[in-house]
Amino acid sequence: DTAVSQTPKYLVTQMGNDKSIKCEQNLGHDTMYWYKQDSKKFLKIMFSYNNKELIINETVPNRFSPKSPDKAHLNLHINSLELGDSAVYFCASSQPGTSSYEQYFGPGTRLTVT
Amino acid sequence: DQQVKQNSPSLSVQEGRISILNCDYTNSMFDYFLWYKKYPAEGPTFLISISSIKDKNEDGRFTVFLNKSAKHLSLHIVPSQPGDSAVYFCAASLTGNTGKLIFGQGTTLQVKP
């Protein structure tokens, strides 16, 4: 039973297109995140939502828009895709107030923009 | 500005020996440190963490050491097993637990049978 799931796992699309990545967690956590892992393998936070409210919004182009319909889901919509958007995108969740600060990650979505 | 650095991109050790993975940080406002393990085509999985008020935390074969004065932490795996072969990420959290984790670039560990 997958704790944090993402769809699709792979996404190949052309420049200029609009695409969405979906994320769902069944852990009952209040907080969800989107991370981007670029070609240099750096894993960087993009957004964080706590109970459907935007908490963290790093310096990310406006073409990226997260949407949280409920606290178990955090989707990522990307407009006008560019070559530089090619990366692996990870969704994660956590429960605020836990002592270990642990976040649970999904399997990732590999986005390739051609 | 990379606040968390893992200067060794890769490490190879023999099965049964100790693996030591290192991590340096620059921000003294970090109050919690975590290690994650990642297999190919999977998401990172939590391994072990340590609060900045401690200098050691142990969980089975995994021990994390924190040297605040040197702004350095290390993960020791004893004994190393082939299944430990993965990418290990060091991460740090800022005071206040905003949830924002800052990751190092990872170290690929290969444990040879």
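Letters go in sequence order (proteins before strands), and every chain restarts at 1. Just so you know, these numbers come straight off a predicted model, no measurement behind them.
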query: Taking every heavy-atom pair that is under 4.5 Å apart, which of I55(A), L43(A), T31(A), I56(A) has the most such pairs with chain B?
result: L43(A)
query: Are side-chain heavy atoms of E102(A) and Y36(B) found at a separation under 4.5 Å?
result: yes
- prompt: To the nearest 0.5 Å, how far apart are CD in Q103(A) and NZ in K100(B)?
  reply: 12.0 Å
message: Counting heavy-atom pairs closer than 4.5 Å to chain A, which one of A91(B), G104(B), P44(B), A41(B) comes out on top?
response: P44(B)
- prompt: Can you tell if the side chain of S49(B) reaches within under 4.5 Å of the side chain of Y101(A), non-hydrogen atoms only?
  reply: no
message: Heavy-atom cut-off 4.5 Å, strictly under: side chain, backbone, both or neither for Q105(B) against chain A?
response: both
- prompt: For R61(B), does the CZ atom have more than 12 heavy-atom neighbours from other residues, nucleotides or ligands under 6.0 Å away?
  reply: yes
- prompt: Side chain, backbone, both or neither: which part of I48(B) has a non-hydrogen atom closer than 4.5 Å to chain A?
  reply: neither
- request: Using the rule that two of Ile, Leu, Val, Met, Phe, Trp, Tyr join whenever any of their side-chain heavy atoms come within less than 4.5 Å, decide whether Y88(B) and V64(B) are in one cluster.
  value: yes
message: How long is the straight-line distance from CZ of F89(B) back to NZ of K41(A), given to the nearest 0.5 Å?
response: 8.0 Å
field: Enclosure of L83(A) CG (heavy-atom neighbours >12, cutoff 6.0 Å)
entry: yes
task: For Y35(A), check ring pair (Phe, Tyr, Trp, His ring centres under 6.0 Å) against everything at least two apart and list the hits.
output: F105(A), F103(B)
Neighbour count >12 (heavy atoms, 6.0 Å) for atom CZ, F30(B): yes
task: Kindly work out whether a path of hydrophobic side-chain contacts (I/L/V/M/F/W/Y, heavy atoms less than 4.5 Å apart) joins Y104(A) to I102(B).
output: no
